[in-house]
Amino acid sequence: MYQIKDPSQTTSGLLELSNDQQVVLIDATQGGRIHSWHSQQVEVISNVDPLTYQDTYAGAVLFPFANRIEDGVYRFRESEYHLNINEKSNNCALHGLTYNKQFEILQSQATHENATVTLRYQTKFPDIGFPYFYAIKLIYLLHDKGLSLKVEVENQDSKAFPFTIGWHPYFKSSNLKSSQLIFDSSTKIETDSRLITTSVATHYKRVMESLEAVDLDDCYGLQDDPIVFDTPQYELTITSTDRYKYLQFYTPPVSDTIAIEPVTGISNSFNNSHGLQVLDAGKDYSITWDLLLTHKIN
């Protein structure tokens, strides 16, 4: 039987979805992010301790843009907008506007088959540089085969707005050097020293990316699903329902940990339009990321 505990019922102060094999912790006070996921006592998604959330964005949903906007400036429909600079080192706006928002727990349900919870954030005042009203829902579903996250966005404004979206979970391996990422790539994204896109190179091949390197921060365009993370203890398959598919991955200064980020747009997408979408007034958008987990018998 699955169960759900609200933050007042847990020692961590976080929302908890669990059964006798799995535990997922969610922080509604920090953008509704997934804090951690353990399955059969194996850490799958990590909070990247001792690094702070401010430095990692661990488990955050990235909206209305993923990655960086150069100098925090973009143009949309003949108007210029200036976002807050939250990455001072590169003078960029980084990872959207909802990662630090307080989400309300809208509803939850636990059965013998799964546990699901819906969190919601709604703008009361337009953000600096993104003067639109919107609502965003995060729907987490934990089940015997893995975990899924569905994101629903509603444009509650009288005008259209641009967006990309992404997710920033960090995954733990018992040995990252003995792990690999497998995916079908169509393009490789080239960036400058500020990690701003400079070009998109054709790159058609199946990539089996060895994770022996200690400092990775790369982005690829995907030809198709899935992304496979193969580790000594488990194999994880990640799929997305959006037609725009990119993969960003990054190794933080924490051992045996990697961010595997499915995103619909790339660095500076508000200016280069790669993956950029427009949500018209009164319209909805949704995306689902499915994570299927298979444990290995050692």
Side-chain angles (χ1 to χ4, degrees), residues 22 24 33-34 37 39 44-45 57 59-63 65-67 95-96 114 116 136-153 163-173 176 179-189 197 200-211 216-231 233-251 258-267 269 273-277 279 284-296:
Q22 303 189 78
V24 167
R33 71 182 181 106
I34 184 166
W37 176 24
S39 177
V44 181
I45 291 181
Y57 299 83
V61 171
L62 314 176
F63 177 84
F65 57 90
N67 214 300
H95 287 338
N114 58 58
T116 183
I136 179 169
K137 288 182 183 177
L138 311 180
I139 305 166
Y140 289 95
L141 174 65
L142 179 66
H143 52 88
D144 290 349
K145 294 183 179 180
L147 176 70
S148 71
L149 170 57
K150 182 178 183 180
V151 183
E152 298 178 348
V153 179
F163 75 98
T164 64
I165 194 165
W167 189 21
H168 204 311
Y170 287 78
F171 295 91
K172 194 76 173 179
S173 171
L176 199 59
S179 304
Q180 61 181 354
L181 278 172
I182 305 166
F183 53 94
D184 284 324
S185 172
S186 57
T187 52
K188 176 74 164 59
I189 314 305
T197 298
V200 179
T202 301
H203 187 84
Y204 289 104
K205 68 175 185 178
R206 185 163 178 79
V207 175
M208 300 181 69
E209 186 76 27
S210 171
L211 299 177
L216 297 171
D217 198 346
D218 299 291
C219 185
Y220 289 89
L222 299 181
Q223 191 167 355
D224 202 357
D225 285 333
I227 304 162
V228 177
F229 182 40
D230 186 25
T231 82
Q233 289 181 302
Y234 65 84
E235 182 178 279
L236 185 77
T237 301
I238 305 171
T239 59
S240 167
T241 58
D242 197 282
R243 67 186 185 278
Y244 294 110
K245 294 178 173 68
Y246 295 91
L247 167 63
Q248 178 81 36
F249 57 91
Y250 162 70
T251 47
I258 183 170
I260 304 174
E261 308 166 47
V263 293
T264 66
I266 63 176
S267 168
S269 58
S273 299
H274 287 286
L276 189 66
Q277 299 182 61
L279 191 60
D284 300 325
Y285 165 87
S286 70
I287 185 172
T288 299
W289 293 293
D290 283 308
L291 281 59
L292 298 181
L293 181 66
T294 302
H295 288 273
K296 296 181 178 179

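Under the ring-ring contact (aromatic ring centres under 6.0 Å, His included) criterion, W37 pairs with no residue, sequence neighbours left out. Residues satisfying the ring-ring contact (aromatic ring centres under 6.0 Å, His included) test with F171, not counting sequence neighbours, are none. In this view, Y140 satisfies the ring-ring contact (aromatic ring centres under 6.0 Å, His included) rule with no residue, not counting sequence neighbours.
Side chain of W167 to backbone of G59: a donor-acceptor contact under 3.5 angstrom is found. Counting only distance, with no hydrogens or angles, the side chain of H95 and the backbone of A66 share no donor-acceptor pair below 3.5 Å. The closest donor-acceptor contact from the side chain of N114 to the backbone of L142 lies at 3.5 Å or more, if one exists at all. Side-chain N or O atoms of Q22 include one that pairs as donor or acceptor with a backbone N or O of H143 at under 3.5 Å.
Atom CG of L147 sits about 5.0 Å away from atom CD1 of I34, to the nearest 0.5 Å. Distance check, rounded to the nearest 0.5 Å: OG of S179 to CZ of F229 gives 4.5 Å.
Side-chain contact, T164 with T264: no donor N or O sits under 3.5 Å from an acceptor N or O. In summary, the side chains of D217 and Q248 do present a donor paired with an acceptor at a separation below 3.5 Å, with no hydrogens or angles considered. Side chains of D242 and Q277: a donor on one and an acceptor on the other come within 3.5 Å. In summary, the side chains of S39 and H295 do present a donor paired with an acceptor at a separation below 3.5 Å, with no hydrogens or angles considered.
Aromatic ring centres of Y220 and F183 lie closer together than 6.0 Å.
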| task | Walk me through it: do H274 and V200 pass the test side-chain contact (heavy atoms from CB on, under 4.5 Å)? | result | CA-CA 9 Å; H274 287 286; V200 179; 3.6 Å; yes
| field | Check against salt bridge (charged side-chain N to carboxylate O under 4.0 Å, His left out), K188 and D218 | value | CA-CA 8 Å; K188 176 74 164 59; D218 299 291; 3.7 Å; yes
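With L211 as the fixed residue, the side chain to side chain contact (heavy atoms under 4.5 Å, CB included) test singles out one of D230, L216, T231: L216.
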